[in-house]
Amino acid sequence: MEAHAIEKRGKSVDEAIKAALDELGCEIDDVIIEIVEEPNRGILGIVGKKPAIIKVTLREKPEEDVKEVLVELLDKMKIDYKIERVEWDKEKVRINIIGKDMGLVIGRKGETLNALQYMTSLIVNKKREEKLRIVLDVEDYRRKKEKSLEKLAIKLSDKVKTTHKNVVMRPMSPQERRIIHTVLQGDPQVTTYSTGDEPNRKVVITMKK
Amino acid sequence: MKTLVEYIARSLVDNPDAVQVTEIEGERSIIIELRVAPDDMGKVIGKQGKIAKSIRTLTKATAAKEGKRVVVEILR
């Protein structure tokens with residue numbers, strides 16, 4: 001994961017960039033470009049002529065590291081799978097996998113999927129200074145679950161608004177609770193908080209005072 | 001099965017060379033013995049056994065494909 005940087009000179013900045021990309025064998029999106037010195041045509045093209053100098057650094061690609069670890073684990077588990085989608089949004093890497101063995105990968109109540117996500121995260125982050133959040137999904141299982149939780153939260157908040165009575169939801173994991181809090185965060189009428197101890201911590205939806 | 005536990009253990013510990021995994025395969029069950037350097041025990045067990053539990057969950061899913069049960073023993 002060491003940053004690989006090269007310095008290039010050229011008649012113009014564009015020319016220097018092109019030469020650098022050729023040498024590194026990569027696309028412009030893969031690198032960070034820093035202009036060390038602007039070119040100077042000099043007077044009459046003779047006196048004080050200076051080339052453009054740029055510094056090109058390969059951009060870090062954490063999603064590639066995550067993919068690598070996940071592939072190792074799934075291959076060794078002899079799972080029949082395909083990586084369908086990899087997204088990286090600066091905050092977290094999200095990977096969706098598809099295939100024949102997905103019931104097995106999810107496991108009882110998502111137990112295996114959670115273990116796989118946890119293990120991938122441990123291995124990837126052992127080598128990293130800045131911790132990376134990793135979300136592993138199977139056939140959008142988590143995404144669908146998130147959507148249904150969002151719907152439930154809105155439905156229950158409507159109930160609170162009409163009855164003016166608190167609603168206590170079922171015990172949920174921190175990830176699930178976060179979804180409920182986030183959805184109702186912007187609601188002008190209701191507010192949410194958690195109560196009880198893990199693993200029986202529950203979200204309460206209540207009217208704003 | 002052995003390669004899975006080996007890969008996980010080697011990736012988590014500070015002394016990957018000290019990782020030893022043996023696999024004893026029976027008709028219906030598999031026993032995996034994992035040995036790591038004493039200093040690395042915590043790295044494969046985790047707080048409240050969280051890492052050990054994840055290793056067991058992953059081996060269980062792998063063994064389920066072959067219709068077998070699996071026991072992972074972490075030894076000193």
Side-chain angles (χ1 to χ4, degrees), chain A residues 1 62 64-81 95 97 99-129 131-132 134-139 141 173-175 197-201, chain B residues 1-25 28-34 36-37 39-74:
Chain A
M1 203 162 309
E64 290 299 320
D65 291 349
V66 178
K67 222 167 114 178
E68 210 174 283
V69 171
L70 185 62
V71 163
E72 287 278 359
L73 288 171
L74 288 171
D75 282 351
K76 290 181 171 61
M77 287 176 73
K78 301 190 179 79
I79 299 287
D80 191 321
Y81 71 98
I95 297 190
I97 59 173
K100 264 208 316 231
D101 291 337
M102 293 307 114
L104 196 67
V105 174
I106 295 173
R108 233 183 82 237
K109 289 184 180 170
E111 186 189 48
T112 310
L113 181 59
N114 287 337
L116 196 58
Q117 175 176 299
Y118 178 62
M119 200 51 80
T120 309
S121 164
L122 274 181
I123 297 174
V124 170
N125 283 320
K126 183 172 166 69
K127 303 177 281 182
R128 291 178 62 88
E129 284 195 8
K131 296 286 171 237
L132 192 64
I134 296 164
V135 179
L136 190 61
D137 210 345
V138 165
E139 287 174 359
Y141 167 82
S173 69
Q175 293 85 348
D197 295 319
E198 300 285 5
N200 281 314
R201 212 162 153 75
Chain B
M1 188 71 69
K2 188 183 160 188
T3 54
L4 174 70
V5 177
E6 235 165 27
Y7 171 72
I8 293 173
R10 290 219 167 106
S11 307
L12 297 177
V13 299
D14 293 328
N15 310 288
D17 292 341
V19 171
Q20 274 180 8
V21 181
T22 52
E23 180 172 340
I24 304 152
E25 193 163 355
R28 282 167 161 188
S29 62
I30 301 165
I31 300 167
I32 302 273
E33 290 179 344
L34 169 62
V36 299
D39 290 349
D40 282 329
M41 285 299 275
K43 298 264 168 47
V44 290
I45 293 174
K47 273 188 208 136
Q48 289 156 6
K50 202 178 169 195
I51 299 172
K53 195 170 164 244
S54 291
I55 297 176
R56 293 195 172 107
T57 303
L58 296 179
T59 50
K60 207 171 86 185
T62 312
K65 259 201 112 171
E66 300 170 35
K68 283 187 177 171
R69 286 170 51 86
V70 63
V71 181
V72 179
E73 288 174 353
I74 300 169

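These figures come from a predicted structure and were not determined experimentally. Order of the sequence lines sets the chain letters (A, B, ...), proteins ahead of strands, with each chain counted from 1.
For a residue to count as touching a neighbouring chain, one of its non-hydrogen atoms must lie under 4.5 Å from one of that chain's; by this rule A/V105 does not touch chain B.
For the atom pair OH (B/Y7) and CE (A/M119), the distance works out to 10.5 Å, reported to the nearest 0.5 Å. Taking CZ of B/R10 as the reference point, atom CD1 of A/I123 lies at 13.0 Å (rounded to 0.5 Å). The structure places OG1 of B/T3 at 5.5 Å from NZ of A/K76, a figure rounded to the nearest 0.5 Å. With rounding to the nearest 0.5 Å, the separation of NZ in A/K78 from CD in B/E66 is 5.5 Å.
Heavy-atom minimum distance, B/L4 versus A/L73: CD1-O, 3.8 Å. Closest non-hydrogen pair, B/L12 versus A/L122, comes out as CD2-CB, 3.8 Å. Shortest non-hydrogen contact noted between A/K126 and B/D14 is NZ-OD1, 2.8 Å.
Interface remark: of the candidates B/A64, B/A61, B/A63, B/S54, B/S54 forms the most heavy-atom pairs closer than 4.5 Å to chain A.
Residues passing the side chain to side chain donor-acceptor pair (under 3.5 Å) test with A/K67: none are found, sequence neighbours excluded. Under the salt bridge (charged side-chain N to carboxylate O under 4.0 Å, His left out) criterion, B/K68 pairs with B/E25, not counting sequence neighbours.
Of residues 45-52 of chain B, those residues with a non-hydrogen atom less than 4.5 Å from any non-hydrogen atom of chain A are, in numerical order, B/K50, B/I51.
For A/E68, the CD atom is loosely surrounded, since the number of other residues' heavy atoms within 6.0 Å does not exceed 12.
Listed by first and then second residue, the salt bridge (Lys or Arg N to Asp or Glu O under 4.0 Å) pairs that reach into residues 99-108 of chain A are A/D80-A/K100, A/D101-B/K65, sequence neighbours excluded.
Annotation: side chain of A/E72 is not in contact with side chain of B/I8 (no heavy-atom distance under 4.5 Å).
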